[in-house]
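The next block holds one structure in the form of structure tokens; read it before the comments.
Residue numbers count from 1 along this sequence.
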Amino acid sequence: IMFLYLVALFMDQQSVSWADLDGISSWLLVMQYWLVLFAWEVARKIRSREEENGYVTYSRIFGRIGAAVVACASQTVAFALGIYFAYEFSLSHLYLLLISVGYFVVVWGHVRFVFLPNRQTSKLRPFAEAFIIAVLLAGFIENFQPGQFLE
């Protein structure tokens with residue numbers, strides 16, 4: 001809902017009507033941001049076997065590998081949407097570089113945990129956060145125009 005609110009704010013600020021809005025792209029962008037946050041929610045509740053306790057975690061519900069796959073699949077779809085945006089809207093190489101680096105960092109975190117599950121490698125939250133930052137920063141930089149905020 002927050003992302004839809006941001007779309008509405010953008011439309012109001014830019015005097016864009018719903019009829020003029022590229023609805024598919026807007027929904028896909030909302031989906032991309034939702035997916036990275038969903039993956040963060042899953043990643044922060046993944047534990048190694050020795051860390052499990054009474055707290056309900058996704059690794060307890062789906063298993064260690066299943067939980068990592070759920071988070072990584074969400075991030076993969078978000079990354080794919082980023083690639084789609086890059087080509088559909090002729091975004092910069094910097095945009096592609098930022099989301100690619102963020103994606104490969106988060107995938108490395110998941111792979112490391114799946115093959116070496118322990119207390120250290122189960123900390124997937126920082127990797128998910130790095131991907132969120134990469135996606136948000138790429139979008140911000142891509143849309144930033146010097147002097148835009150000084151007017």
Side-chain angles (χ1 to χ4, degrees), residues 1-14 16 18 21-144:
I1 292 174
M2 176 182 69
F3 294 126
L4 294 175
Y5 177 68
L6 291 173
V7 170
L9 284 176
F10 166 80
M11 290 171 52
D12 183 56
Q13 181 184 18
Q14 301 297 320
V16 174
W18 283 103
L21 188 67
D22 181 354
I24 300 285
S25 295
S26 297
W27 281 109
L28 291 176
L29 183 63
V30 167
M31 182 188 297
Q32 181 190 34
Y33 289 145
W34 183 85
L35 284 167
V36 295
L37 292 177
F38 171 75
W40 170 83
E41 173 62 22
V42 173
R44 73 184 193 90
K45 293 181 181 177
I46 294 176
R47 308 279 188 272
S48 63
R49 183 171 288 131
E50 66 261 17
E51 293 176 289
E52 293 288 359
N53 54 29
Y55 185 73
V56 179
T57 62
Y58 288 105
S59 48
R60 203 157 111 190
I61 294 169
F62 300 121
R64 172 179 50 88
I65 294 173
V69 166
V70 168
C72 195
S74 298
Q75 291 154 331
T76 300
V77 173
F79 178 63
L81 286 169
I83 292 172
Y84 164 76
F85 293 139
Y87 288 102
E88 181 69 20
F89 301 109
S90 300
L91 302 181
S92 70
H93 294 295
L94 180 58
Y95 176 88
L96 272 175
L97 177 67
L98 285 171
I99 66 168
S100 296
V101 168
Y103 178 70
F104 289 113
V105 165
V106 80
V107 169
W108 179 78
H110 289 298
V111 169
R112 184 180 72 141
F113 173 64
V114 166
F115 289 106
L116 297 168
N118 60 51
R119 290 182 182 274
Q120 290 76 34
T121 62
S122 70
K123 308 298 184 257
L124 298 176
R125 179 180 174 172
F127 293 96
E129 290 169 348
F131 186 52
I132 291 169
I133 290 169
V135 169
L136 294 175
L137 185 61
F140 176 78
I141 289 172
E142 191 63 34
N143 291 294
F144 176 72

Are [X] and [Y] close enough that some pair of their side-chain heavy atoms sits under 4.5 Å apart?
X: Arg64; Y: Val114; answer: yes
X: Tyr103; Y: Ser100; answer: no
X: Phe113; Y: Asn118; answer: no
X: Val107; Y: Phe79; answer: no
X: Leu35; Y: Leu81; answer: yes
X: Arg47; Y: Tyr58; answer: no
X: Leu98; Y: Phe140; answer: no
X: Val42; Y: Phe62; answer: no

Atom [atom1] of [X] and atom [atom2] of [Y]: how far apart are they, to the nearest 0.5 Å?
X: His110; Y: Thr121; atom1: NE2; atom2: OG1; result: 12.0 Å
X: Phe85; Y: Leu96; atom1: CZ; atom2: CG; result: 12.5 Å
X: Ile141; Y: Ser92; atom1: CD1; atom2: OG; result: 8.5 Å
X: Lys123; Y: Arg112; atom1: NZ; atom2: CZ; result: 10.0 Å
X: Leu136; Y: Ile99; atom1: CG; atom2: CD1; result: 12.0 Å
X: Glu88; Y: Ile24; atom1: CD; atom2: CD1; result: 11.0 Å

Q | Arg44 with Glu41: basic N within carboxylate O range, under 4.0 Å | A | yes
Q) With no hydrogens and no angle check, do the side chains of Ser122 and Glu51 hold a donor and an acceptor under 3.5 Å apart? A) yes
Please find the pair of heavy atoms, one from [X] and one from [Y], that lie closest to each other, and give the distance.
X: Thr57; Y: Lys45; value: CB-O, 3.2 Å
X: Ala71; Y: Ala39; value: O-CB, 3.5 Å
X: Ala128; Y: Ala43; value: CB-CB, 3.9 Å
X: Pro117; Y: Ser48; value: C-CB, 4.3 Å

Q | Side-chain (Ser90) to main-chain (Ala86) donor-acceptor, under 3.5 angstrom | A | no
Q. Between the side chain of Glu50 and the main-chain N/O of Arg119, is any donor-acceptor distance below 3.5 Å?
A. yes
Q. Between Ile132 and Tyr33, does a side-chain contact (heavy atoms from CB on, under 4.5 Å) hold up when you go through it step by step?
A. CA-CA 8 Å; Ile132 291 169; Tyr33 289 145; over 6 Å; no
Q: Assign the ring pair Phe89 / Tyr84 to parallel, tilted or perpendicular, where the plane angle (0 to 90°) is split at 30° and 60°.
A: perpendicular
Q | Check: Phe104 ring centre within less than 6.0 Å of Trp108 ring centre | A | no
(Q) So that I know where these two stand, are Trp40 and Phe131 an aromatic pair - ring centroids less than 6.0 Å apart? (A) no
